[in-house]
Amino acid sequence: MAEHNENLWAPWRLEYIRGLADKDNDGCFLCRYAAAPDLDGKNQVIWRGPTCLTVFNQFPYNNGHLLIAPLAHQADLEALDDACLDELIRTIRDAKRLLKETTSAHGFNVGMNFGRCAGAGLPGHLHVHIVPRWDGDTNFMAVVGNARVISQSIEALLKQMRNAAVTLGLPPVRG
Ligand SMILES: [Zn+2]
């Protein structure tokens, strides 16, 4: 059981271990995405609201692992105004609904990490992880071990998401 709990909160660890988030030092990748709406397709941005952005995690723990972040480079919740906080939580609700519809997930992990000691891979720009979970999915290394498989499944999932967003009356999927 303890081992499962360890796995449960592994997503940020991949970013941290690979150190890619930090190598990208002309701003964090979330800021680059935020500044380039024209590249939303390439960057696999799902949604872009007035204050928040929803993207696929480049280092997914599971198929459908999304990140929701403020457009602004802010490290702490205290720095966000109420409009942004409202949008953040509403986007979590919508993303969870979209993923539930398109991935038939049995459950979700939704979480945030603040500070390197807490495992944040990108501590300067807060983001919420949404990770779909399926019964018996704890052995995930086979999935994350092959980036090609993941990126193909993201394309397929994006297609499903575009259709599902329309059906569910959610904001249109951009990426
Ligand atoms: Zn940033």
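Counting starts at 1 for both ligands and their atoms, in listed order.
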Can you name the N/O/S atom of His125 that is nearest the Zn ion (ligand 1)? ND1
Suppose we only allow N, O or S atoms; which atom of His73 ends up nearest to the Zn ion (ligand 1)? ND1
Can you tell me if His73 uses its side chain to pair, donor with acceptor, with the backbone of Gly124 under 3.5 Å? yes
Would you check if the distance from the ring center of His125 to the ring center of His127 is below 6.0 Å? no
By side-chain hydrogen bond (donor to acceptor under 3.5 Å, both in side chains) - contacts of Glu101 (at least two apart): none
With a 4.5 Å heavy-atom cut-off, do Trp134 and Thr103 have their side chains touching? yes
The SG(Cys28)-the Zn ion (ligand 1)-SG(Cys31) angle, to 10°, is 110°
